[in-house]
S.K.: 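Structure provided below as structure tokens; questions to follow.
The shown structure was predicted, so the numbers you read here are calculated from the model rather than taken from an experiment.
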Amino acid sequence: MKYFVIEEIDNVVHLKIARGEKYNALDAEMLKEFAEAIQQVKEYEGQVVVLSGKGDGFCAGGDLSMMDTVSDAKQYDEVMNHIETIVSSIYTMPKIVVSAIHGPAVGLGLSIALAADYVVAEPDATISMNFIGIGLIPDGGAHFWLQQRLGTHQAKQFAWKGEQMRAKEAYDHKLVDIVVNGSVQEEAHELAKKWSRRPLKSMIATKEIYHQYGLDQLMLYLSKERKAQWDMKQTDDHHEGVKAFKEKRQPNFKGE
């Protein structure tokens, strides 16, 4: 694989996003490969999965280049198909999945991290659902993950503000489950090894009971996000947001 590394150690399957020089920002090609990587991980014997990123951050979200490459409906649907495969597969995977966050986890990157069963973060990790900054809505199942962790009212506030939180604040808001002191990848691996000596089949059975019940709701959220995001991509505010980002200035939104 070009952008992902899969390695199995001590009954733990490590899946690393490997575009560290770009903060693991996801473009259309990477999303296709990510969906394939997730399917491969399912076939490994290891019952705990650690999802992490190489370089200086977990995942900076969708690469802005996708704004140009997914301008027609067919390309857009292909990208959204891959995103939905990634997050729904993590959510329903018959393994315990741990997201190990360091540096930024932004937008789609945060959505993917929240699809896991545990979110573990280094103290300097930062999270943000800043779709609002370019006139879009959260996607990748973000509405579902945020509603589950925050409740509807606080989920709306978090999405609308587009604010950035450091790991401790995110922990206080229940968006991060564990804040570690050392390397998050090493700590996540040790945690996963510890769990591998527990009755994992019991843990996974509990996950399946909850998540099989929640899957229909997740898929409904994903369908609504797909339609609404396409509509948002046609707005003047989105075009202004992208232009402002490229020009490194504050956007002049007009509610249009």
Side-chain angles (χ1 to χ4, degrees), residues 19 22-32 34-35 57-88 104-115 126-147 149-165 170 173 175 217-256:
R19 195 191 183 198
K22 294 288 188 179
Y23 285 90
N24 298 310
L26 300 162
D27 59 20
E29 180 184 4
M30 285 181 71
L31 287 167
K32 181 176 185 295
F34 203 161
F58 175 78
C59 178
D63 193 309
L64 203 63
S65 66
M66 280 204 298
M67 302 302 172
D68 300 321
T69 59
V70 295
S71 55
D72 71 73
K74 181 180 179 182
Q75 291 173 315
Y76 175 78
D77 280 337
E78 287 177 358
V79 164
M80 297 306 284
N81 284 343
H82 296 321
I83 291 171
E84 290 172 15
T85 295
I86 293 162
V87 296
S88 64
V106 180
L108 179 58
L110 179 57
S111 297
I112 291 169
L114 293 176
T126 57
I127 70 166
S128 173
M129 197 61 80
N130 192 22
F131 289 89
I132 197 79
I134 52 172
L136 294 179
I137 63 163
D139 60 21
H143 289 86
F144 180 74
W145 320 124
L146 294 179
Q147 198 278 335
R149 284 178 172 262
L150 300 177
T152 301
H153 185 71
Q154 292 301 322
K156 288 187 297 184
Q157 302 301 316
F158 185 68
W160 289 344
K161 290 177 182 177
E163 62 186 331
Q164 178 177 283
M165 291 184 183
H173 283 78
L175 289 167
Q217 187 180 24
L218 170 61
M219 299 311 294
L220 178 61
Y221 274 103
L222 287 167
S223 175
K224 296 292 187 182
E225 287 175 352
R226 179 190 290 237
K227 171 63 168 63
Q229 196 72 295
W230 178 255
D231 292 342
M232 294 306 103
K233 283 174 63 64
Q234 317 311 315
T235 64
D236 291 342
D237 275 346
H238 170 61
H239 297 146
E240 165 61 13
V242 172
K243 184 179 179 182
F245 182 87
K246 290 178 178 178
E247 295 174 358
K248 298 181 179 179
R249 61 173 174 82
Q250 289 296 315
N252 181 25
F253 293 133
K254 297 180 179 178
E256 300 174 350

S.K.: When you measure from the side chain of Glu240 to the backbone of Asn252, do you find a donor-acceptor pair of N or O atoms at a distance under 3.5 Å?
M.R.: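 Present.
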
S.K.: Tell me whether Gln229 contacts the main-chain N or O of Ile137 through its side chain, where contact means a donor paired with an acceptor under 3.5 Å.
M.R.: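 A pair under 3.5 Å: yes.
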
S.K.: Hey, which of Val87, Leu150, Leu110 is the one that makes side-chain contact (heavy atoms from CB on, under 4.5 Å) with Trp145?
M.R.: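 The option that passes is Val87.
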
S.K.: Rounded to the nearest 0.5 Å, what separates atom CE in Met219 from atom CD in Glu84?
M.R.: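 Nearest 0.5 Å value for the CE-CD distance: 5.5 Å.
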
S.K.: If we ignore hydrogens and angles and just use 3.5 Å, is the side chain of Asp139 paired with the main-chain N or O of Arg226 as donor and acceptor?
M.R.: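 No, Asp139 side chain to Arg226 backbone: no donor-acceptor pair under 3.5 Å.
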
S.K.: Between Thr85 and Ser88, which heavy-atom pair has the shortest distance, and what is it?
M.R.: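 In this case the closest contact between Thr85 and Ser88 is O-OG, 3.5 Å.
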
S.K.: Could you tell me if the side chain of Cys59 sits less than 4.5 Å from the side chain of Arg19, heavy atoms only?
M.R.: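 They are not in side-chain contact.
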
S.K.: Got a second to check how far Asp63's CG is from Leu31's CG, nearest 0.5 Å?
M.R.: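 Answer rounded to 0.5 Å: 10.0 Å.
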
S.K.: Are any non-hydrogen side-chain atoms of Phe158 and Met129 less than 4.5 angstrom apart?
M.R.: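 The answer is yes; the side chains approach within 4.5 Å.
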
S.K.: Do side-chain atoms of Asn24 reach the backbone of Phe58 as a donor and acceptor pair under 3.5 angstrom?
M.R.: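 Yes, because the side chain of Asn24 sits within donor-acceptor range (under 3.5 Å) of the backbone of Phe58.
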
S.K.: State, to 0.1 Å, how close His143 and Tyr221 come at their nearest heavy-atom pair, and which atoms those are.
M.R.: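 Where His143 meets Tyr221 most closely, the heavy atoms are CB-CD2, 3.5 Å.
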
S.K.: Distance-only, no hydrogens or angles: does the Gln164 side chain make a donor-acceptor pair with backbone N or O of Thr126 under 3.5 Å?
M.R.: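 Side chain of Gln164 to backbone of Thr126, a donor-acceptor pair under 3.5 Å: no, none is there.
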
S.K.: Taking atom CZ of Phe144 and atom CD of Gln217, what is their separation to the nearest 0.5 Å?
M.R.: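 CD of Gln217 is found 5.0 Å from CZ of Phe144.
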
S.K.: Counting N and O atoms only, with roles assigned by atom type, does the side chain of Glu225 sit under 3.5 Å from a partner on the main chain of Gly141, one being a donor and the other an acceptor?
M.R.: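 Such a contact is found between Glu225 side chain and Gly141 backbone.
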
S.K.: Please check: side-chain N/O of Tyr23 versus main-chain N/O of Pro104, any donor-acceptor pairing under 3.5 Å?
M.R.: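 The answer is no, because no donor-acceptor pair under 3.5 Å joins these two groups.
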
S.K.: If we only count heavy atoms from C-beta on, is the Phe131 to Met232 side-chain gap below 4.5 Å?
M.R.: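 Sidechains of Met232 and Phe131: no contact.
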
S.K.: Heavy atoms only: give me the nearest Ile112-Phe34 pair and the separation to one decimal.
M.R.: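 Residues Ile112 and Phe34, closest heavy atoms: CD1-CE1, 3.8 Å.
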
S.K.: Please report the interatomic distance CD(Gln157) to OG1(Thr152), rounded to the nearest 0.5 Å.
M.R.: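 These two atoms lie 11.5 Å from each other.
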
S.K.: Would you say His239 and Lys243 make side-chain contact, with heavy atoms under 4.5 Å?
M.R.: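 The answer is no; the side chains never approach within 4.5 Å.
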
S.K.: Rounded to the nearest 0.5 Å, what separation is found between the NZ atom of Lys233 and the NE2 atom of His238?
M.R.: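 With rounding to 0.5 Å, NZ (Lys233) is 4.5 Å from NE2 (His238).
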
S.K.: Which atom pair, heavy atoms only, marks the closest approach of Gly140 to Ser111?
M.R.: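 Reported closest heavy-atom pair: O-CB, 3.6 Å.
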
S.K.: Thr235 vs Glu256, test: side chain to side chain contact (heavy atoms under 4.5 Å, CB included). Steps then yes/no.
M.R.: CA-CA 6 Å; Thr235 64; Glu256 300 174 350; over 6 Å; no

S.K.: Side chains of Ile127 and Leu114, heavy atoms from C-beta outward: is any pair under 4.5 Å?
M.R.: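 Ile127 does not reach Leu114 side chain to side chain.
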
S.K.: Taking all heavy atoms of Tyr76 and all of Trp230, pick out the closest pair and write down the distance.
M.R.: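 Looking at all heavy atoms of both residues, the shortest contact is OH-N, 3.2 Å.
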
S.K.: For Arg249 and Glu247: C-alpha separation, side-chain torsions, deciding distance, then whether salt bridge (Lys or Arg N to Asp or Glu O under 4.0 Å) applies.
M.R.: CA-CA 6 Å; Arg249 61 173 174 82; Glu247 295 174 358; 2.6 Å; yes

S.K.: Atom CD1 of Ile83 and atom CG of Leu108: how far apart are they, to the nearest 0.5 Å?
M.R.: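 Separation between the atoms: 5.0 Å.
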
S.K.: Do you know which two heavy atoms are closest between Gly241 and Pro251, and how far apart they sit?
M.R.: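 Here Gly241 and Pro251 meet closest at CA-CB, 4.2 Å.
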
